[in-house]
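Please read all numbers here as calculations on a predicted model, not as lab measurements. Keep in mind that the numbers below use all heavy atoms, side chains included, and drop hydrogens, waters and symmetry copies. Numbered from 1 within each chain, the chains take letters A, B, ... in sequence-line order.
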Protein chains: 2
Amino acid sequence: MSTLKTETRAVEISSLSDGEDHSGCHALLEVLDRIGDKWTVMVVGVLAKGPTRFNAIQRAIGGISHRMLTRTLRGLERDGMVERRAFATIPPKVEYELSPMGRSLVSPLDTLMGWAQAHRPTIEVARSGFDDRSD
Amino acid sequence: MSTLKTETRAVEISSLSDGEDHSGCHALLEVLDRIGDKWTVMVVGVLAKGPTRFNAIQRAIGGISHRMLTRTLRGLERDGMVERRAFATIPPKVEYELSPMGRSLVSPLDTLMGWAQAHRPTIEVARSGFDDRSD
DNA sequence: CGGAATCCAGACTGATACTG
DNA sequence: CAGTATCAGTCTGGATTCCG
């Protein structure tokens, strides 16, 4: 990981800092509602590596309950981010895979992750400083 | 807004799809914890336009309670994303402004917002389809 | 005007147990 | 193995009230 690449693309400049509460902001809030929970990002991260079976996802994440994984996957499937393939074998086998749209989300997420990595130390410092001042 | 521009830059490929639960993923989860709540993004959006007073923020957002705005601002201030300036006048006057780090967050957020806008229709369709199939 | 403290209702999470 | 159902504990956001 961490190879370097040059990327060129056209982007729409409709910043948060633009008009009032326009479509863009609302759209952003919807996405954050979907991925802002405790597990969704991790599941996407696992699936980004390729199709994976239910229990394999659970093991890969570690700490997620059976129930929460089901709910998370349902949510993603509902929004067309993942595709579910069930095989009527015995025992049953179900594979989950990122849809094209799901894969397209990985890139913006990586952008955000880059920011997160770069600023984590600073945040940590700010946080300690603030907490100290508050006694 | 919505002019078109070509953007070239170097990006770090340390994708979600890389190794196991590395630093990056954890960092990303932390950020999402901070901005994934109901109001933080909107507050950042408002402050992105410039320094703003407490009540002005509240009016600009609309629907946020007094208490929630306080909590949201405290959280952002704690992490060094916003700076708070209090003037000991009567009546009191307090201004909030995005810190440099706070401003640097706007760009990745815009990236995500671009994705959100582009895919919202698709998501909407997928969602209705899924809900219909579920009866 | 800006903020803190209290209280409360609803949403979310997770452990457990059960089904196909 | 994959998924559902139930239930209890926790957390969140909001209304209200009081203080500087």
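When each of C:dG2, C:dA15, C:dC1 is scored by its nearest atom to the side-chain atoms of B:Phe54, the top-ranked nucleotide is C:dG2. Distance from the side chain of B:Arg67 is smallest for D:dG14 among the nucleotides D:dG14, C:dG2, D:dT4. Taking the side chain of B:Lys38 as heavy atoms from C-beta on, and the options D:dG14, C:dC1, D:dA2, the nearest nucleotide is D:dG14. Closest to the side chain of A:Met68, from the set C:dG14, C:dC1, D:dC1, is C:dG14.
Looking at which nucleotide of DNA chain D each of B:Asp37 and A:Thr70 is closest to, the 5′-most match is held by A:Thr70.
By the 4.0 Å N-to-carboxylate-O rule, B:Glu95 lies close enough to B:Arg85 to be salt-bridged with it.
For B:Asp79 (side chain) and A:Arg127 (main-chain N/O), no donor-acceptor pair under 3.5 Å exists by modelled atom type.
One interatomic measurement links the two molecules: CD of B:Gln58 to P of D:dA15, which rounds to 11 Å at whole-angstrom precision. Between A:Ile64 atom CD1 and C:dG14 atom C1' there is a gap of 11 Å when expressed in whole angstrom units. Between the CG atom of A:Asp33 and the C1' atom of D:dT12 there is a distance of 13 Å, given to the nearest Å. Regarding A:Ile57, its CD1 atom lies at a distance of 9 Å from the P atom of D:dA2, rounded to whole Å. Atom pair A:Leu69:CG and C:dA15:C1' shows a separation of 16 Å (rounding to whole Å applied). Between the CD atom of A:Glu77 and the C1' atom of D:dA2 there is a distance of 13 Å, rounded to whole Å. One can place CZ of A:Arg74 at 9 Å from C1' of D:dA2, the figure rounded to the nearest angstrom.
Within 4.0 Å (heavy atoms only), A:Arg53 reaches sugar-phosphate atoms of the nucleic acid but no base atom. Counting non-hydrogen atoms under 4.0 angstrom, A:Phe87 reaches nothing in the nucleic acid.
The closest side-chain donor-acceptor pair between A:Ser107 and A:Asp110, if any, does not fall under 3.5 angstrom.
With rounding to the nearest 0.5 angstrom, the CD atom of B:Gln58 is 7.5 Å from the OG atom of B:Ser65.
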